[in-house]
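Just so you know, ligand 1 is whichever comes first in the structure, and atom 1 is the first atom listed for that ligand.
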Amino acid sequence: MDQERQSFYITTPIYYVNAKPHLGTAYTTLLTDARARFERIDGQDVHFLTGSDEHGEKIAKSAAKHDMSPQQWTDYMVPAFHELWEKLNISNDDFIRTTEERHTKAVQYFLEKLKDSGYLYKSSYDGWYCIPEETYFTETQVRHHNEAEGDAEAHKCPDCGRDLVRVEEDSWFFKLSEFQDKLLKHYEEHPEFIQPEIRRNEVLSFVRGGLNDLSISRTSFDWGIPLSFDDEHVTYVWVDALINYLTAVGYGNPDMQENLHKRWPANMHVIGKDIIRFHCVIWPAMLMALDLPLPKSVFVHGFLLVKGEKMSKSRGNAIDPLDLLNIFGVDAYRYYFLTDVSHGQDGSISLERMAQVYNADLANSWGNLCSRALNMSAKYFDGKTPQLDAEEIAKTTVLSSKAEKMYEPYAEAIRKMDFGEAAHIVLDLIDAANLYIEQMAPWSLAKSEATQGELAFVIYNILESIRIAAYYYMPFMPETSKEVLSRLSLEPDFSKGLQDLTQWGQLKQGADVQKGEALFPRLDVEKIELGN
Ligand code: ME8
């Protein structure tokens, strides 16, 4: 297995630190974590990156509002991200901050190369800018949007609806307009580059409409990375931010060339639908300009909605992830968001639904199966797992034949980032095991000496199904899976790959069984309240 380990480099967006992390940023990070965890247990050499986006006008303004320097402000905000990622059991290998020296160096190096390539020119920008989105808009884009909204005189952001500002300043431009054909060709030749399909179509039609050159430097404020060849200019925050994916694996650092070669191109950038143009148009064009390989894929998810509406403080529907973690615990939080939000689409979330999923899938199905099986094993086999001979283990049952068919569809669903589908496959085994208990009625078999062999067979099959489900649930609920395996005296062994780990017949025999506490005690939906 070890020789086949391949690099799997996966990233989240780097989040703006002008506000605390919220359900949305947590969702992207969770999706990325679950994929990283799957690849790790499947034997790949994973590098998982997240981080913080700390430059730009928006951060400078929110720092000023708090009477702090931008650096003080970002230093103050970043720990909230570390704290939430720790509580959500996020397994990132690195956390990049764009104010770090390694990043300044990489950005300056990248832009020098871009200038040498002939794709930069100096001019001046005169147009509209959305500070909250850190995005430029042309006169025509703004007019079309505001006419469509019924107020031709207005200057609202076509993306977020907030007021735009007029920007007139000297700027360096990137010749993005020259990349239209090359980009279209790439999308054509690599249909997997933008996932899912609906987002790919969105990008295709945007690029077919033509591309404008992009202003990549600002001169009207200074909170950014200075251009090494023109120090009146700081780098446009989006250009600075995108380069983080290269910085973190050693771009521009002579001591890290081997690592860069091993890790780049990234296997997947995971992002929300709001930043698709930056990742699927601007970023690949920047890389093409320097003849660098493009990331293999960008997975774009939809937005979380609360009761059908966008979450926001002003609507009063913002839910603090920490409150949910307090009520449900980390694994149930992870399970709900990974499985109940439709794949790639906007998804409505609610406390009621979260409690419903918790009770149905975790308390009644998975938790219940574990506690029944562990209790019976402890009770009927003197605190041990039953012992069977090889011939009996190899006998086909409804459970073993289900378990043997799980890996392919499960892995395929996860590679598509469809965690709902993957979890459904695991739940199917769990439901079958619960049904098997009812049908086999081990409590009746236990009553007679003559059926002891059959009892051992039945309990073995149930425990083996639990062992296998625990491995498959690991990307979703790592702590619970570890706990379940340890109650069966098993230590997760990641050197073999998931398919080998989940082959039928590897339960440790005659090993100690711990009954333990209920994994997911039932919640009384009526009594759940948010902390604020
Ligand atoms: O855009 N539902 O940072 P950001 C789901 N710094 N996901 C959501 C969401 C919601 N309601 N709201 C936000 C930036 N997100 C840049 C990125 S990358 C080189 C630079 C998630 O803090 C989603 O992943 O505004 C979205 O793309 C991201 O947060 C935006 O985070």
Item to check | Criterion side-chain contact (heavy atoms from CB on, under 4.5 Å) on T480 and Y473, from CA distance to verdict | outcome: CA-CA 9 Å; T480 307; Y473 266 158; over 6 Å; no
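Checking W283, F303, Y27, Y15 against atom 28 (C) of ligand 1, the nearest heavy atom belongs to Y15.
Geometrically, ligand 1 and A241 share no nitrogen or oxygen pair separated by less than 3.5 Å. When only interatomic distances are considered, the shortest N/O to N/O separation between K273 and ligand 1 does not fall below 3.5 Å. In terms of N/O distances under 3.5 Å, ligand 1 is not approached by W238. Looking at ligand 1, you'll find an N or O of D274 within less than 3.5 Å of one of its N or O atoms. In terms of polar-atom proximity, Y16 is counted as a contact of ligand 1, with an N or O under 3.5 Å from an N or O of the ligand.
Ring centroids of F137 and Y129 are separated by 6.0 Å or more, keeping the two rings apart. Note: F299 and H343 meet the aromatic proximity criterion, with ring centroids under 6.0 Å apart. Ring centroid separation for the pair Y121 and F173 comes in under the 6.0 Å cut-off. For an aromatic pair to be called close, the ring centres must be under 6.0 Å apart, and F419 with F38 fails this.
In F278, neither the side chain nor the backbone holds a heavy atom less than 4.0 Å from any atom of ligand 1. Contact annotation for K310 and ligand 1: no heavy atom of the residue comes within less than 4.0 Å of the ligand. Residue-level proximity to ligand 1 for L304 is carried by backbone and side chain together, each with a heavy atom below 4.0 angstrom. Under 4.0 angstrom from ligand 1, the non-hydrogen atoms of H301 all belong to its side chain.
Shown here is F229, whose CZ atom has more than 12 heavy atoms of other residues, nucleotides or ligands within 6.0 Å. Atom NZ of K105 is surrounded by 12 or fewer heavy atoms from other residues, nucleotides or ligands within 6.0 Å.
Taking every heavy atom of H279 and a limit of under 4.0 angstrom, the matching atoms of ligand 1 come to 18 (S), 19 (C).
Looking only at protein heavy atoms, the nearest one to atom 1 (O) of ligand 1 is I275 CG2, 3.5 Å.
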